[in-house]
Each structure stands twice: as C-alpha cells, then as structure tokens.
Amino acid sequence: MPELPEVETVRQGLAKWVTGRTIRTVEVHHPRAIRRHLPGDAHFIALLTGRTIVDVARRGKYLWFPLDSGDALIGHLGMSGQLLMQPADAEDEKHLRIRFTFTDDGPELRFVDQRTFGGLSLSEGGAELPDEIAHIARDPMDPLFDDEAFVARLRGKHTEIKRALLDQTLISGVGNIYADEALWRAQLHGARPTDQLTRPAVRRLLAHVRDVLGEAIVAGGTSFDELYVNVNGESGYFDRALNAYGREGEPCHRCGTPIRREQFMNRSSFSCPRCQPRPRTIRH
DNA sequence: GTAACACCCTGATAGC
DNA sequence: TGCTATCAGGGTGTTA
C-alpha cells in the first residue's frame, strides 16, 4: 500500500537505475495499465521509444520521468503497483503489465501490478510538471509546502479532519495508514470537524504528519505483505513501528486501552478510544 | 464551488 | 472440498 514514503523510496531507487538511459522498446501487456493514456498504446509506445530519461520526480504519490523530448512518463502505483529493475533473462512476473528495455542492454524496467489500480501514462510537454497531476498539492516534506496556507485552507473546510488529510489537493502523500498514525500521535479522532480545530492544533497535527512520513522514509516505507517491495525487491519495515493502523484489540502504546477499529469512507480507521475520543458533536 | 459516495480490481481469507 | 461473500484502498467521476 504505497503512500509517500514508499513512493519516495521507489523514486530514489529508480533515479539511480534509469537516469540517463535511453529506451529501446516498450511492451504493453495489459490495456488497463495505460487507461489514463487516452490516445492508446501505439501512441504511448511511439512517444517513448528512443527517448532518454533525464530524471525521476515525484509529487505526492505520483512519479514522473522527464524525457529528453520535453514529455514525461507519469506513473502511479495505486494499491499494488511495483516498478522493478530486472535482468532481461529474469522470468516474467505473473502480473507484469509494461516492460521497458534500454539501448545499453542493462536491466529492464518493469511495471507489475496485481490489482491494476495503478498505471502509466504519457504527458506531452510535461517534463517540468505534468498538467495531469498539477491539481495534486505539494507534500509536507516539500521545502515549498506552505504551512500557514495549509492551516488556513484546512480550517476553512467543512469536513472531518481525516477526510482532509486524505484530500490530495490539500496535502499530498498521506494515505489511510499514515493518516491514522498522525492522528494517534496528535491524539485527535478522525471525525473531528476541521472548522473547529484551532490553528495551533492543526500545526501540531501537521508536525506529526511530517514526523511519521519522515521516519517512514528513513525506514524505507511500510510493507505488510509482498505486494509492496522497493525497486530492488526489498520490503520496508516501518510496519513494526505502527501505533494505530492494523492494531485492533491490541493495547495502545500510550495508555494500554485496546485500539478500536471503525468503518470510515468504505475502509477502516484505527484509533485509541481513550486518547482519541470521538467528538461530541455529530456532523451530517 | 464543495462535500460525499460509488466504482474500478484481484487475491487472500472467512464462512458455510 | 469447493463455493460464495467480504475485505483491502487511491483517485476519479458522479451525484447531491
């Protein structure tokens, strides 16, 4: 389940492996993997073949590869996507969707994705920042992230705090896992109304979001199973440091109360009933 | 304009 | 054993 730390780990790995290399061939093995590329696979392949990758960039959970043509290859891992470097003679993965080979005959780049929520697309003229992902906010690790603008925008919204943390146009890179972890650290329930939080409370929460993401980046990202591995095929191990996510019934690391699980937006939220009491006012 | 929800997908797991 | 139901969840499109 790649969130910002996992995607950043992949970005760093890919940057070392593909920067400066020229694409020889592109194979699309599954149409859904390029469903966001509306002109279709022939166009996708034509604009990539012979192009040199000049960098690997990221915004939130999106990656993009600026090309020497001024275009950019955009990638999103979705829930189960992987971008793997593999020797040409390595056996095809069961869920191999797209294969890139390079003119130097070095390792191939493979996009592998079991659940096909992820995908690649090509952005013409998008080397600097693709239009397709311009609506995604900067992430809190970005030096240009504007803390006070975030605080003001969040407090101006009429929604719940966890919804706001998952809104990628407000703050990017945070998914279900790190939202729960940051809320646990801030001792806030995810249903707290954003318009009733004080500025200092939002600043504290933002600091916790940064801490959680930063620690996870150092640890190489969270991984619960083999669905996520980094570019070298190695799983991260941040899951050992989780305080809330996935710990239903286990004692809170702060007060010992069993962690509760609640349904939220068709998924699960984990929190401590004592440290993170539900707000008294119920919104509708 | 804003908020909330359905939907896409496959494999693991639970229940019968 | 083998079937069906449920769950995981990011981002987009649709609805309210």
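Looking at the side chain of A:Phe117, the nearest of the listed nucleotides B:dG11, C:dG11, B:dC8 is B:dC8. Picking from C:dC7, B:dA3, C:dG10 the nucleotide with the shortest atom distance to the side chain of A:Lys61 gives C:dG10. Here the nucleotide nearest the side chain of A:Arg36, chosen from B:dC8, C:dT12, C:dG11, is C:dT12. The nucleotide whose nearest atom lies closest to any side-chain atom of A:Arg163 is, among B:dA3, B:dC5, B:dT10, B:dC5. The listed nucleotides are B:dA3, B:dG11, C:dA8; the one nearest the side chain of A:Gln114 is B:dG11. Of the candidates B:dA4, C:dA8, C:dG13, the closest approach to any side-chain atom of A:Met79 belongs to C:dA8.
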For the pair A:Arg21 and A:Leu109, evaluate side chain to side chain contact (heavy atoms under 4.5 Å, CB included) and give the outcome as yes or no after the intermediate values. CA-CA 11 Å; A:Arg21 299 178 72 198; A:Leu109 173 62; over 6 Å; no

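Looking at A:Arg260 and A:Glu248, no side-chain N of the basic residue comes within less than 4.0 Å of a carboxylate O on the acidic one, giving no salt bridge.
Under a cutoff of 6.0 Å and an axis angle of 45°, A:Arg261 and A:Phe270 do not form a cation-pi pair. For A:Arg254 and A:Trp184, the positive end sits near the middle of the six-membered ring, less than 6.0 Å away and at most 45° from its axis.
Rounded to whole angstrom, the span from the CG atom of A:Asp167 across to the C1' atom of B:dG1 amounts to 13 Å. When rounded to the nearest whole Å, the span between CD of A:Glu248 and C1' of C:dA8 equals 14 Å.
Side chain to side chain, A:Thr25 and A:Thr101 meet the donor-acceptor criterion of an N or O pair below 3.5 Å.
Residue A:His135 is classed as a sugar-phosphate contact, given heavy-atom separations below 4.0 Å to backbone atoms only. At the heavy-atom level, A:Arg35 lies nowhere under 4.0 Å from the strands shown. When heavy atoms are screened at a 4.0 angstrom cut-off, A:Tyr62 is found touching the sugar-phosphate backbone but no base atom.
Contact check, A:His158 against B:dT2: no side-chain N or O comes under 4.0 Å of OP1 or OP2. An OP1 or OP2 oxygen of C:dA8 is reached within less than 4.0 angstrom by a side-chain nitrogen or oxygen of A:Ser268. The shortest distance between the side-chain N/O atoms of A:Lys157 and the OP1/OP2 oxygens of B:dA3 is below 4.0 Å.
One donor-acceptor pair, N or O on each side, does fall under 3.5 Å between the base of C:dG10 and the side chain of A:Arg267.
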